[in-house]
J.: 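Pasting a structure below so you can have a look.
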Amino acid sequence: VLFPYTTLQVMEKIAAGDIFYRKVTLPEGLTTVQMLEILRRQPYLSGEISLNPQEGELMPETYSFIRGDSRDSIVLRAQKAMDAAVAQVWKTRDAELPLKTPRELLILASIVEKETGVPEERGLVASVFVNRLRKGMLLQTDPTVIYALTGGKADLGRLLTRKDLQVDNPYNTYKYAGLPPAPICNPGRKALEAAAKPEASDYIYFVASGNGGHNFARSLNEHNRNVREWKKKR
């Protein structure tokens, strides 16, 4: 479907108040495959998606557009917004952060985004992973294993098993040390900021509290107690 107006006509209609802006939202934490599917299902956008954005390259945001705008145009805007956000947040990072590049920041932020839906926890969750990286510990984060199993193309649809944790895949942080090779989703601005400036803590474990958040621990014994409490609630 071709856009029915020239640029000049659009400017004239905007000036006259005749242009109606529509919106499409790309939520935080979705994979690129999931975000592109949202754009494909948006009936007021036009054209096929010819671009090939990689995981973590699209900024979660609500984008305004005019009926007939191309799907590629939203993808480009989301890519530019993510590039700008990562560059800006990278400049504000903690000096002692054990991350070498903006891309590593993006990868860590994607894990933080997937690990908690509680905004107030992002800084502590980030601190756990940063502390583990500093100690040379395995990150052992379930969302990376889920990504190893699904490739980000669909939800797993079930709980992870012990066998899942043994999958031989570079995204499996129970098996391979350090960060995974690429982001596992598209993190939002707050997750980027948490990864760049984690809260100061000596926590190296966390587990779901059963109340929507997490319980954090400094030692394995403390963590095991928290796990037992979580299992009781579950």
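Just so we're clear, the structure is a prediction, and the values are computed from it rather than from any experiment.
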J.: List for me each residue that meets side chain to side chain donor-acceptor pair (under 3.5 Å) alongside H214, sequence neighbours excluded, and say none if there are none.
T.: E121
J.: Between R41 and E37, is the closest basic N to carboxylate O distance under 4.0 Å?
T.: yes
J.: Where do G152 and T31 come nearest, in terms of heavy atoms and distance?
T.: O-OG1, 2.7 Å
J.: For the residue pair T141 and K114, establish whether any side-chain heavy-atom pair is separated by less than 4.5 Å.
T.: no
J.: For L45, is there any backbone N or O sitting under 3.5 Å from a side-chain donor or acceptor partner on R22?
T.: no
J.: Verify the cluster assignment for L39 and L51: are they in a single hydrophobic cluster under the rule of side-chain heavy atoms below 4.5 Å apart?
T.: yes
J.: Is there a path from Y176 to I111 through hydrophobic residues (I, L, V, M, F, W, Y) whose side chains come within less than 4.5 Å of each other?
T.: no
J.: Evaluate the side-chain proximity of I66 to Y21: yes if any heavy-atom separation is below 4.5 Å, no if none is.
T.: yes
J.: Which pair of heavy atoms, one from Y171 and one from P183, lies closest together, and at what distance?
T.: CE2-O, 4.1 Å
J.: Donor-acceptor check, side chain of E57 to backbone of P53, threshold 3.5 angstrom: yes or no?
T.: no
J.: Surrounding CG of L220 (heavy atoms of other residues, nucleotides or ligands, distance under 6.0 Å), is the total greater than 12?
T.: yes
J.: To the closest 0.5 Å, what do you measure between CD (E115) and OG1 (T144)?
T.: 8.0 Å
J.: Provide the closest heavy-atom pair for A81 versus Y63 in the form atom of the first, atom of the second, distance.
T.: CB-OH, 4.0 Å
J.: Check for me, please, whether V130 and V128 land in the same ILVMFWY cluster - side-chain distances under 4.5 Å, paths through other members count.
T.: yes
J.: When rounded to the nearest 0.5 angstrom, what distance separates OG1 in T173 from OH in Y147?
T.: 14.0 Å
J.: Is any side-chain heavy atom of R225 closer than 4.5 Å to a side-chain heavy atom of E222?
T.: yes
J.: For T92, is there any backbone N or O sitting under 3.5 Å from a side-chain donor or acceptor partner on K197?
T.: yes
J.: Would you confirm whether R67, through its side chain, and F20, through its main-chain N or O, come within 3.5 Å as a donor-acceptor pair?
T.: no
J.: Below 4.5 Å, heavy atoms only, C-beta onward: do S70 and V75 meet side chain to side chain?
T.: no
J.: Give the minimum heavy-atom separation between P143 and I184, together with the two atoms involved.
T.: CB-CD1, 3.7 Å
J.: Examine distances only and state if a side-chain atom of K175 and a backbone atom of L165 form a donor-acceptor pair shorter than 3.5 Å.
T.: no
J.: Could you walk me through whether R189 and M59 satisfy the side chain to side chain contact (heavy atoms under 4.5 Å, CB included) test, starting with their C-alpha distance in whole Å, then the side-chain angles of each, then the deciding distance to 0.1 Å, before giving a yes or no?
T.: CA-CA 8 Å; R189 176 83 183 209; M59 188 67 189; 3.8 Å; yes
J.: Whether the side chain of N172 engages the backbone of Y174 through a donor-acceptor N/O pair (distance < 3.5 Å, no angle test) should be reported.
T.: yes
J.: What closest approach, in Å, do G123 and A194 show between heavy atoms, and which atom pair accounts for it?
T.: N-CB, 4.0 Å
J.: With side chains defined as the heavy atoms from C-beta onward, is the minimum distance between M35 and P60 less than 4.5 Å?
T.: yes
J.: Does R71 use its side chain to pair, donor to acceptor, with the backbone of I49 at less than 3.5 Å?
T.: no
J.: Run the salt-bridge test on K232 and E229 with the 4.0 Å N-O cut-off and return the result as yes or no.
T.: yes
J.: Tell me the closest heavy-atom pair linking A182 and I107, and the distance in Å.
T.: C-CG1, 3.6 Å
J.: Rounded at 0.5 Å granularity, tell me how far CG in D72 sits from CD in E48.
T.: 9.5 Å
J.: Could you tell me the separation between the CG atom of L160 and the CD1 atom of I146, rounded to the nearest 0.5 Å?
T.: 4.5 Å
J.: Could you walk me through whether I204 and R218 pass the side chain to side chain contact (heavy atoms under 4.5 Å, CB included) test, one step at a time?
T.: CA-CA 6 Å; I204 52 176; R218 299 173 178 84; 5.8 Å; no
J.: Does the N131 side chain pair with the main chain of Y203, one donor and one acceptor, at a distance under 3.5 Å?
T.: yes
J.: Any side-chain to backbone donor/acceptor pair from Q34 onto L30? Under 3.5 Å, distance only.
T.: no
J.: May I ask you to decide if K80's main-chain N or O and D83's side chain share a donor-acceptor pair within less than 3.5 Å?
T.: no
J.: Kindly indicate whether a cation-pi arrangement holds for R132 with Y205, taking the cut-offs as under 6.0 Å to the six-membered ring centre and within 45° of the axis.
T.: yes
J.: Are F206 and V145 connected into the same hydrophobic cluster when the rule is that any two of I, L, V, M, F, W, Y join if their side-chain heavy atoms are below 4.5 Å apart?
T.: no
J.: Do E113 and K190 meet the salt-bridge criterion of a basic N to acidic O distance under 4.0 Å?
T.: no
J.: Verify the distance criterion only: is there a donor paired with an acceptor across the side chains of T32 and N186 at less than 3.5 Å?
T.: yes
J.: Within a strict 4.5 Å, meaning less than it, do heavy atoms of the R93 and L99 side chains meet?
T.: no
J.: Examine F65 and L26 and state if one hydrophobic cluster contains both, with Ile, Leu, Val, Met, Phe, Trp and Tyr joined whenever side-chain heavy atoms are less than 4.5 Å apart.
T.: yes
J.: Quick one: do the Y44 and D69 side chains pair a donor with an acceptor below 3.5 Å?
T.: no
J.: Are the side chains of L192 and M82 in contact, using a 4.5 Å heavy-atom criterion?
T.: yes
J.: Should L133 and L139 count as side-chain neighbours, where that means a heavy-atom distance under 4.5 Å?
T.: yes
J.: Evaluate the side chain to side chain contact (heavy atoms under 4.5 Å, CB included) criterion for residues R134 and E96: first the C-alpha distance (whole Å), next the side-chain angles of each, then the deciding distance (0.1 Å), finally the verdict.
T.: CA-CA 10 Å; R134 285 175 175 151; E96 301 302 318; 3.9 Å; yes
